[in-house]
Protein chains: 2
Amino acid sequence: MMGLTRKGEYAIRGIIYLARLPQGKVALISEIAAAVDVPQAFLAKIFQNFAKLGLVSSARGTGGGFMLGRPAAKITLREVVEVVEGPIMPNRCLLGVGSCDRAAHCNVHPVWQKVQSQVVAILDNVTIEELAREER
Amino acid sequence: MMGLTRKGEYAIRGIIYLARLPQGKVALISEIAAAVDVPQAFLAKIFQNFAKLGLVSSARGTGGGFMLGRPAAKITLREVVEVVEGPIMPNRCLLGVGSCDRAAHCNVHPVWQKVQSQVVAILDNVTIEELAREER
DNA sequence: TATAAAAGGACAAAAATAGTCTTGAAGGTG
DNA sequence: CACCTTCAAGACTATTTTTGTCCTTTTATA
């Protein structure tokens with residue numbers, strides 16, 4: 001329960017790979033996919049999403065490829081996860097008005113709200129730069 | 001992402017219904033299902049799990065039905081959720097040895113560990129008794 | 001123009017979720 | 001005992017989500 005899907009894992013692995021590259025270096029999707037052991041076409045989709053959101057920048061044609069769209073220290077784990085998994089949402093109830101007619105008189109609601117904000121807070125506080133650091 | 005399934009929602013609704021019953025009163029699965037608006041056969045499965053774990057006690061035959069297996073104040077939301085959804089597990093990595101060969105040198109790992117323990121802590125601190133209280 | 005790459009869309013397979021149905025077992029009642 | 005009531009258990013089915021694949025188009029470079 002409450003689990004990241006494979007897509008989420010792949011996304012994290014992929015962007016960490018980019019973050020570990022020397023400044024200014026671009027990487028082909030084929031290279032990234034091979035390096036982080038993810039089906040290339042699947043990873044390509046994920047990186048398309050990244051690109052649309054500006055998390056990575058992409059260039060086509062010879063010499064093209066992907067690089068981070070901004071410094072790794074400015075990309076949070078939350079962003080990466082939410083791009084592919086959607087908003088962190090422990091329960092439908094939290095979707096908003098109308099989605100849970102019970103919301104008004106539902107004591108469980110505030111619990112999920114708390115869960116959500118705690119998880120968001122944790123993931124917001126982790127940057128890709130930290131995750132990319134090689135340490136032991 | 002990170003979401004409760006319908007089964008989880010149903011489980012919570014169902015056990016709260018039980019908790020709101022007067023002491024010692026038993027409820028038929030048909031009654032509960034109608035009251036909380038859940039397919040009866042599906043809810044029956046959920047309650048079978050509850051019974052196996054002792055969260056509810058069940059009796060067959062005329063006059064049978066379900067009641068809480070212990071005081072609502074002694075049943076945590078975490079227990080209820082985990083019975084039907086399995087352990088709270090934001091990432092496969094946390095499953096244990098061998099499940100993630102990256103674990104040893106993976107900086108993301110501790111983040112999921114933190115998420116897990118935070119969520120568990122929240123859900124452990126909420127009892128069904130609290131959830132069953134009618135207030136406004 | 002030919003080639004290299006990402007973008008985008010349609011499709012397909014597999015797994016998880018959500019739910020049904022049928023039969024069996026246990027317990028009461030006349 | 002015969003019969004009815006209720007939960008238990010397992011097999012089955014349908015739907016949705018996840019996890020991919022493949023093919024065509026667009027953009028860029030040489």
Side-chain angles (χ1 to χ4, degrees), chain A residues 1-15 17-18 25-34 36-69 81 83-87 89 91-92, chain B residues 1-15 17-18 25-34 36-69 81 83-87 89 91-92:
Chain A
M1 184 235 175
M2 299 267 159
L4 211 60
T5 68
R6 232 165 261 222
K7 203 157 125 190
E9 284 189 35
Y10 293 170
I12 297 170
R13 284 198 228 159
I15 206 162
Y17 179 86
L18 271 198
K25 185 147 193 306
V26 303
L28 301 184
I29 195 69
S30 54
E31 172 195 338
I32 309 172
V36 302
D37 192 28
V38 167
Q40 174 172 337
F42 198 33
L43 191 65
K45 296 291 186 197
I46 294 170
F47 271 66
Q48 276 178 36
N49 293 338
F50 282 165
K52 242 180 283 188
L53 277 260
L55 257 48
V56 308
S57 70
S58 66
R60 309 198 226 198
T62 312
F66 293 94
M67 49 189 289
L68 288 187
V81 168
V83 164
V84 295
E85 305 271 10
M89 193 68 60
N91 185 258
R92 279 179 252 302
Chain B
M1 185 235 174
M2 297 270 160
L4 211 59
T5 67
R6 230 165 261 218
K7 203 158 127 190
E9 284 189 35
Y10 293 170
I12 297 171
R13 284 198 226 158
I15 205 161
Y17 179 86
L18 271 197
K25 184 145 193 307
V26 302
L28 301 184
I29 194 69
S30 53
E31 172 195 340
I32 308 172
V36 302
D37 190 28
V38 168
Q40 174 171 336
F42 198 35
L43 192 65
K45 295 292 184 195
I46 294 169
F47 271 65
Q48 275 178 34
N49 292 339
F50 282 164
K52 243 180 281 184
L53 278 260
L55 257 46
V56 308
S57 70
S58 66
R60 307 199 229 199
T62 313
F66 292 94
M67 49 189 292
L68 288 187
V81 168
V83 163
V84 295
E85 305 270 10
M89 190 69 59
N91 184 257
R92 280 180 251 302

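A, B, ... follow the sequence lines: proteins, then strands. Residue 1 opens every chain.
When every heavy atom of V36(A) is checked against every heavy atom of Y17(A), the shortest pair comes out as CG1-CB, 3.8 Å. The two residues L18(A) and A27(A) have their closest heavy-atom pair at CD2-CB, 4.0 Å. Minimum heavy-atom separation, V26(A) to E31(A): O-OE1, 4.5 Å. Taking every heavy atom of both residues into account, F47(A) and I15(A) meet most closely at CZ-N, 4.2 Å.
Proximity of a side-chain donor or acceptor of E85(A) to a complementary backbone N or O of G8(A) within less than 3.5 Å is detected.
Side-chain atoms of L4(B) and I12(B), non-hydrogen and from C-beta on, do get closer than 4.5 Å to each other. Annotation: side chain of F66(B) is not in contact with side chain of L28(B) (no heavy-atom distance under 4.5 Å).
Put simply, CG on N49(A) is 15 Å from C1' on dG20(D), counting in whole angstrom units.
For DNA chain C, the span of nucleotides reached by chain B at under 4.0 Å from its heavy atoms goes, 5' to 3', from dA18(C) to dG28(C).
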* Let me have a per-nucleotide readout for nucleotides 6-13 of chain D, 5' to 3', with B, S or -, counting only protein heavy atoms under 4.0 Å. => BBBBB---

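Within 4.0 Å of Y10(A), counting heavy atoms only, lie sugar-phosphate atoms of the nucleic acid but no base atom.
Distance check: Q40(A) CD to I29(A) CD1 gives 7.0 Å after rounding to the nearest 0.5 Å.
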